[in-house]
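In this chain, numbering begins with 1 at the start of the sequence shown.
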Amino acid sequence: MNNPIVHEILSNPLIALFLITGLGLALGRISFQGIHLGSSGVLFVALAFGHLGYVIPGGVGTFGLVLFVYCVGIAAGGRFFAAIRREGIRLSLLSVVIVGSGAALAVLAGHLLDLPTDLAAGIFAGSLTSTPALAAASEALKESGDSALVIGYGIAYPFGVIGVVLFVQALPRILKIDISRGQEEEREREQRVYTVLVEVTNPNLFGKTIDNSEVNHFNACQISRIVRQGNLVPLAYNDVFEAGQVLMLVGRKHELDAAIDLIGEKSDQRILRDVENELKTLLVTSKQIAGLSLKELHPLKRHGVVITRIHRLGFEFVPNADSKVEMNDMLKVVGDPKQIAEFASLVGHRPNAINETDLLSLSLGLALGILLGIIPFALPGGEALFLGLAGGPLVAGLILGNFGRVGRLVGHIPRPTRVLLQEFGLVLFLADAGVKGGGALVETLQAEGVGLFLAGIAITTIPIALGYLVAVKFLKMDPVQALGGICGGMTSTPALGAITSKTDSQAPVVSYATAYPVALILLTVVAKMVVKIMG
């Protein structure tokens, strides 16, 4: 960048900002063995630009921070409190073990290596690959300075991503735990959800009620429709198996194969179905049903509908009788249009809620979060507690995400919109943090580089190893559930992808979805504690 024209262009803060975010996102998309940096690529490009002396507009980092943590709160709110209240207590404890041990190791490494507070906090956030923790630490370090925070994060982050993926792949091999199904080339196909028509030929099923059949005991398979007069119509509660009857099954390949063997054989019959009116996607906003299993809810018997799929935290799975419905789940429901409408009212579905964003609620919610961040809360002894710009919007988002609506404020933000706003806020925060930290990059690496990298490896590997031991030995989880919980406790989506590519069990996704929001909130709180202890 020695070219004077290029230097003049990049000296424009706005151009520098969007060039940093563009190059960073491009870097984040580069994949190696299925692993990529994602939005964190922006941080590494920003460090380079900051080292070269370029600047970006003031205030964008603060704006990005507020937007990012508010959206994190909205996303986690519906599940965070639920995960603590119900059976998720075991997975919540697993998150506490992982985050707590990581924080303890970060403090220990800071003292042993005589690291400044900002560098130790950055290593903690990077080792656990947590941008919310980075944001919270940045807010806590505002007065004392956080120039080395992002450097520590940048050093520890790569192994933090890779280490969890390697762990969940290597541990089953080391312990000789078989979690795989099928051949390597079929694994991706095994994870997809299929529909298939099956003709009933098993005489042992004739006359039995379909809803109470053995098929419901399969891990990821549902009978959703029945063929009548050449048309596919929704299943009714009193429908029974009959010879030659044709049913539609929804599920993953391995479970479907077993169900087909039980029921009869595949059918090539041509049929018609009313997809538009008999299949709907419903958003769960009612606390009446949140936390109920399908066995407790019994949607077919009580409401005349079948829940064929649940979309949660970016993952879709076919539920079984023990699967629980959570706030903000997206349910794919099959049934008569009138019964679907009644069920939609029960789950709290609002037709416009899925695709529309209430900008008024978004603006007022952000304002409320900022207000919560700057208001002092009295503590015993006369001290005042400030939630800050990382804590205030997070708490506001959690409350709105949990209740769905507070007065006129609507908590739900459609997932595509929320993800866009969350990512936009994150890249602005990372660009600002990276540019500010880039000036001290070389000096910090020369002084602490090797020690920081080794500390990052320890802070990544020891908590996940300890977490697995606690999960299996003390919390009595099976290995697949424990691995999914570790991915959630480390907030590692790439690692979850590595597990789900090797097993047809739904347990990793469900345990990840329970542990993830708890870990997410813990990381933001504990990051500030690390700063306070080290300070």
Less than 4.5 Å apart, side chain to side chain, heavy atoms only: is that true for Leu67 and Phe429? no

Atom CE in Met477, atom CG in Leu483: separation rounded to 0.5 Å? 11.0 Å

Between Leu247 and Phe241, is a side-chain contact (heavy atoms from CB on, under 4.5 Å) present by the stated rule, with each step listed? CA-CA 9 Å; Leu247 306 173; Phe241 289 104; 3.6 Å; yes

Would Val325 and Leu292 count as a side-chain contact (heavy atoms from CB on, under 4.5 Å) here? Give the steps. CA-CA 6 Å; Val325 175; Leu292 295 180; 5.7 Å; no

From Ile226 atom CD1 to Met248 atom CE, the distance as rounded to the nearest 0.5 Å: 12.5 Å

Please check: side-chain N/O of Thr308 versus main-chain N/O of Lys332, any donor-acceptor pairing under 3.5 Å? yes

Validation row: Leu91, Val518 side chains within 4.5 angstrom (heavy atoms): no

Can you confirm whether Ile263 sits close enough to Ile223 that some side-chain heavy atom of one is under 4.5 Å from a side-chain heavy atom of the other? yes

Atom SG of Cys71 and atom CG of Leu362: how far apart are they, to the nearest 0.5 Å? 7.0 Å

So OG1 of Thr281 and CD1 of Ile340: to nearest 0.5 Å the spacing works out to 9.5 Å

For Asp478 and Val480, indicate whether the former's side chain and the latter's backbone hold a donor-acceptor pair under 3.5 Å. yes

Considering non-hydrogen atoms only, spot the tightest contact between Pro463 and Ala458 and give its length. CD-O, 3.6 Å

Run the numbers on Leu205 and Gln245 for side-chain contact (heavy atoms from CB on, under 4.5 Å), then give the verdict. CA-CA 11 Å; Leu205 295 177; Gln245 186 180 53; over 6 Å; no

Tell me whether the rings of His298 and Tyr237 are parallel (<30°), tilted (30 to 60°) or perpendicular (>60°). perpendicular

Is any side-chain heavy atom of Leu346 closer than 4.5 Å to a side-chain heavy atom of Arg302? no

Under 4.5 Å between any side-chain heavy atoms of Val334 and Leu235, yes or no? no

From Thr129 atom OG1 to Leu134 atom CG, the distance as rounded to the nearest 0.5 Å: 11.5 Å

Please report the shortest heavy-atom distance between Ala527 and Ala133, naming the atom on each side. CB-O, 3.4 Å

dist Arg309:CZ -> Thr195:OG1 (nearest 0.5 Å) comes out at 7.0 Å

Do the side chain of Glu296 and the main chain of Lys324 share a donor and acceptor less than 3.5 angstrom apart? no

Would you call Phe124 and Ser130 a side-chain contact if the rule is heavy atoms closer than 4.5 Å? no

Side-chain (Thr460) to main-chain (Ile457) donor-acceptor, under 3.5 angstrom: no

Over 12 foreign heavy atoms within 6.0 Å of CZ, Phe206: yes

With side chains defined as the heavy atoms from C-beta onward, is the minimum distance between Tyr70 and Leu421 less than 4.5 Å? no

Is the shortest heavy-atom distance from the side chain of Leu428 to the side chain of Phe68 under 4.5 Å? no

Hey, mind stepping through Leu128 and Met490 against side-chain contact (heavy atoms from CB on, under 4.5 Å) and telling me if it holds? CA-CA 6 Å; Leu128 275 70; Met490 294 290 292; 4.2 Å; yes

Partner of Leu475 under side-chain contact (heavy atoms from CB on, under 4.5 Å), chosen from Leu469, Leu93, Val97: Leu93

